Amino acid sequence: MMDPLEAIRRAGRIASNVRERIRSRIDAGVRIIQICEDVEGWIRELGGQPAFPCNVDIDHVAAHYTSPPQDPMTVPEGSLVKVDLGVHVEGYIADTATTVCLDPRYEVLVEAAEEALEEAIRSIRAGVRASEIGGIIERAMKRRGAAPIRNLTGHRMARYLVHAGEAIPNIPAPHLHRLRAGDLYAVEPFATLPEASGEVVDGPPGNIYIFKKKKSLSGEMAREMLRTIQSEYRTLPFAYRWVARRFPGPEGERAFVELVSSRCLYSYPQLLERSCRPVAQAEHSLIVTEDGCEVITA
Ligand SMILES: [Co+2]
């Protein structure tokens with residue numbers, strides 16, 4: 001088994017490499033499923049595994065959309081395209097995101113998210129309160145003429161866990177815990193227009209799932225599917241696309257429906273900006289140190 005720090009750094013290098021490579025492929029008319037499959041394929045080629053499905057979120061969709069099998073959707077003209085990707089190496093996770101802006105009017109949102117992220121990173125060291133970082137993010141956004149999404153946060157990560165408890169808010173909310181040296185965090189400011197409602201609400205399912213609990217199942221294929229899901233993805237989110245590849249055809253589809261309806265799996269809803277305004281995102285993963293932090297996805 002690899003040293004945890006080495007595994008985290010390796011996951012981080014893969015994540016930043018894939019993030020920069022996918023940026024140049026994103027343009028109006030490109031199929032969303034192509035983006036998802038390029039990202040996930042490159043992660044595997046480089047020796048990692050996707051820590052969650054590649055999220056491609058357009059305009060007011062802030063988070064949690066990945067393509068279903070045969071997704072016909074393409075990148076719209078003039079849209080704001082967020083790609084959020086996760087890599088794990090032996091369960092150690094790096095999470096990073098970028099926004100490609102196809103409408104110059106919304107470039108300000110991308111800059112606001114990126115600047116807020118940079119300022120947050122400069123302020124991070126052991127002992128800093130999460131709420132302080134939220135204040136720094138909100139002020140950086142306002143200075144740029146943007147506003148943060150109030151109910152989305154960064155998050156601490158642990159082995160095979162994308163959300164391991166503590167959050168880093170994007171506003172000076174009362175998250176009173178202090179960061180500790182050695183903690184692994186993803187920091188992810190989301191920027192929207194100042195006139196927007198500034199919060200996300202649940203939308204339709206985004207084709208992303210996670211194992212919830214084992215239940216008695218009637219179908220033999222459903223039972224086998226659940227065993228495969230538990231051993232392959234453990235406590236990490238996965239795409240229906242990945243399951244459909246292993247269990248193709250209408251039989252596989254019926255088995256998957258049984259897992260969802262019997263609540264063995266949780267289905268993540270897409271997160272939509274309430275007032276349907278566009279949202280930009282920037283994200284890095286970092287390890288907190290005594291006097292600063294090490295950004296692993298730089
Ligand atoms: Co994240």
Side-chain angles (χ1 to χ4, degrees), residues 8 11-16 18-20 22-23 35-36 39-40 43 48-57 61-66 81-89 91-99 110 113-114 116-118 120-121 124 130 133-134 137 141 148-171 173 175 177 179 183-192 199-200 202 206-210 233 235-239 266 268-273 279-288 293-298:
I8 291 170
R13 282 193 298 272
I14 296 170
S16 67
V18 171
R19 182 194 64 223
E20 293 313 303
I22 199 63
R23 280 190 62 89
I35 299 171
C36 295
V39 163
E40 294 160 6
I43 291 171
Q49 289 293 326
F52 50 81
C54 173
N55 287 213
V56 180
D57 300 304
V61 181
H64 296 171
Y65 181 85
T66 197
V81 186
K82 298 165 287 297
V83 178
D84 191 336
L85 62 104
V87 177
H88 81 86
V89 171
Y92 296 99
I93 301 167
D95 181 356
T96 188
T98 189
T99 303
V110 179
E114 285 175 356
L117 177 58
E118 278 169 35
I121 287 170
I124 288 177
I133 302 165
I137 289 171
M141 294 243 184
I149 300 288
R150 289 188 298 274
N151 58 347
L152 286 175
T153 67
H155 45 98
R156 191 167 73 77
M157 300 186 286
R159 197 171 184 207
Y160 290 109
L161 279 180
V162 180
H163 290 263
E166 296 91 334
I168 294 186
N170 292 321
I171 52 169
H175 285 255
H177 69 278
L179 310 199
D183 279 351
L184 175 64
Y185 274 97
V187 183
E188 47 182 329
F190 290 80
T192 189
E199 53 184 30
V200 289
D202 289 354
N207 312 303
I208 301 173
Y209 299 86
I210 195 165
Y233 314 126
T235 45
L236 293 170
F238 60 90
Y266 171 76
Y268 287 88
Q270 297 176 52
L271 298 176
L272 315 178
E273 204 289 319
V279 178
Q281 174 196 18
E283 179 177 25
H284 276 308
S285 295
L286 53 88
I287 300 167
V288 181
C293 66
E294 177 186 339
V295 179
I296 62 161
T297 51

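Being a predicted model, the structure only gives us computed values, none of them experimental. Read the numbers this way: they start at 1 and go in the same order the structure lists the ligands and their atoms. Along the sequence shown, residues are numbered consecutively beginning with 1.
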K.L.:
Side chains of Leu179 and Ile168: closer than 4.5 Å at any heavy-atom pair?
P.N.:
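Of all side-chain heavy-atom pairs linking Ile168 with Leu179, at least one is under 4.5 Å.
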K.L.:
Taking side chain as C-beta onward, heavy atoms only, is Pro53 less than 4.5 Å from Asn207?
P.N.:
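No, too far: nothing below the 4.5 Å cut-off.
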K.L.:
At the Co ion (ligand 1), what is the angle formed between atom NE2 of His155 and atom OD2 of Asp95, rounded to the nearest 10°?
P.N.:
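Centred on the Co ion (ligand 1), the NE2/OD2 angle is 90° (to 10°).
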K.L.:
Could you pull out the atom name of the N/O/S atom in Glu283 that is nearest the Co ion (ligand 1)?
P.N.:
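Within Glu283, restricted to N, O or S, the Co ion (ligand 1) is closest to atom OE2.
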K.L.:
Going by the angle between their ring planes, with limits at 30° and 60°, are Tyr185 and His177 parallel, tilted or perpendicular?
P.N.:
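Parallel, since the angle between the ring planes stays under 30°.
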K.L.:
What is the name of the N/O/S atom in Glu188 that sits closest to the Co ion (ligand 1)?
P.N.:
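Distance check against the Co ion (ligand 1) picks out OE2 in Glu188.
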K.L.:
So, 2.8 Å as the limit: is an N/O/S atom of Asp84 located closer than that to the Co ion (ligand 1)?
P.N.:
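Of the N, O and S atoms in Asp84, none lies under 2.8 Å from the Co ion (ligand 1), which means no.
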K.L.:
State, yes or no, whether a side-chain contact exists between Asn170 and Met141 at a heavy-atom distance under 4.5 Å.
P.N.:
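No, too far: nothing below the 4.5 Å cut-off.
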